[in-house]
Amino acid sequence: MVDSPLPIAVLISGSGSNLQALLDSPSHRIDYVISLVVSDRPGAGGLERARQAGVATEVVSWDEFGLRTEFTEALCETAEAAGAGSLVLAGFMRILAPIAMERFPNAIINVHPALLPAFPGAHAVEAAIGYGVTLTGVTVHFVDEQVDHGPIILQEAVAVRPDDDAESLHTRIQSVEHRVLPKVVSAFSRGELTVQGRYVRWDHAPREATIR
Ligand code: GRF
């Protein structure tokens, strides 16, 4: 419990199931409050989830900006105007320009459907299946200037089954995402995460890997 919840902006591009998990978490409105949901495209399904929950939405359309820096600036300004102290990238498929990390230092969180540094990029689940790995998973990390690269906050492994296709594997990965992302955002909002170089210290929990 913190004195007042940390306002956050959640950035989405798609269906927003991770946004839903953040909305539904008991930590919402206690540790953090979603003050704004921003999509880079008007048709993102997550926008409707936000509206249903009574959360403000904005579209900062990628197509309207010629340059990544301009797009990022508009996005940061929108989030700052909503009072956001953090950006949570929940299925947000655009790469932010470095100016975002200057404006939200160690305060941008991303969820990625693989065990980084394996399988960065937009097709991590397909890449894991294609490579033939038997373990993949979820990484929640701070965002830095490189893609899918910043300090790792939490990882959890997910076994790849012999009969998995990308859809079945992604479904199991997402159920882990929905559990761990609110946990991380909650810990961040309570000021319990400390970045030390590439390492993130959890002040009230051991830094440990979870394998199920
Ligand atoms: C998640 O699997 C996330 O890891 C990836 O995109 C997916 C977004 O799903 N970056 P959703 O929009 O939260 O349902």
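Both ligands and their constituent atoms are indexed starting at 1 by order of listing. All values below come from the heavy atoms of this structure, side chains included, with hydrogens, waters and symmetry mates left out.
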### Message
How far is atom 10 (N) of ligand 1 from the closest protein heavy atom, and which atom is that?
### Response
Val111 O, 3.6 Å
### Task
Answer yes or no: is there a donor N or O on one side and an acceptor on the other, between the side chain of Ser39 and the main chain of Ser13, under 3.5 Å?
no
#### Entry: Shortest protein contact, atom 2 (O) of ligand 1 (heavy atom only)
His170 NE2, 2.7 Å
### Message
Tell me whether the count of non-hydrogen atoms from other residues, nucleotides or ligands lying under 6.0 Å of CD in Glu167 goes above 12.
### Response
no
### Message
Checking a contact table here: which protein heavy atom is nearest atom 7 (C) of ligand 1, and how many Å away?
### Response
Gln174 NE2, 3.7 Å
### Summary
Partner of Asp148 under side-chain contact (heavy atoms from CB on, under 4.5 Å), picked from Asn110, Ile95, Thr139, is Asn110
### Message
Show, in sequence, the C-alpha distance, side-chain angles and deciding distance for Arg172 and Asp164, and conclude whether the salt bridge (charged side-chain N to carboxylate O under 4.0 Å, His left out) test is met.
### Response
CA-CA 10 Å; Arg172 290 204 310 289; Asp164 262 332; 2.7 Å; yes
### Query
Would you call Ser15 a ligand 1 contact, heavy-atom distance under 4.0 Å?
yes
### Task
Please say whether Gly14 places an N or O atom under 3.5 Å from an N or O atom belonging to ligand 1.
no
### Query
Counting heavy atoms only, which of Ala122, Pro113, Gly16, Gly91 comes nearest to atom 12 (O) of ligand 1?
Gly16
### Message
As an exercise, state the distance from NE2 of His178 to CG of Leu22, rounded to the nearest 0.5 Å.
### Response
9.0 Å
### Message
For atom 4 (O) of ligand 1, what's the nearest protein heavy-atom neighbour? Residue, atom name and distance, please.
### Response
Glu177 OE2, 2.4 Å
### Message
Below 30° counts as parallel, above 60° as perpendicular, anything between as tilted: where do the rings of Phe71 and Trp62 land?
### Response
perpendicular
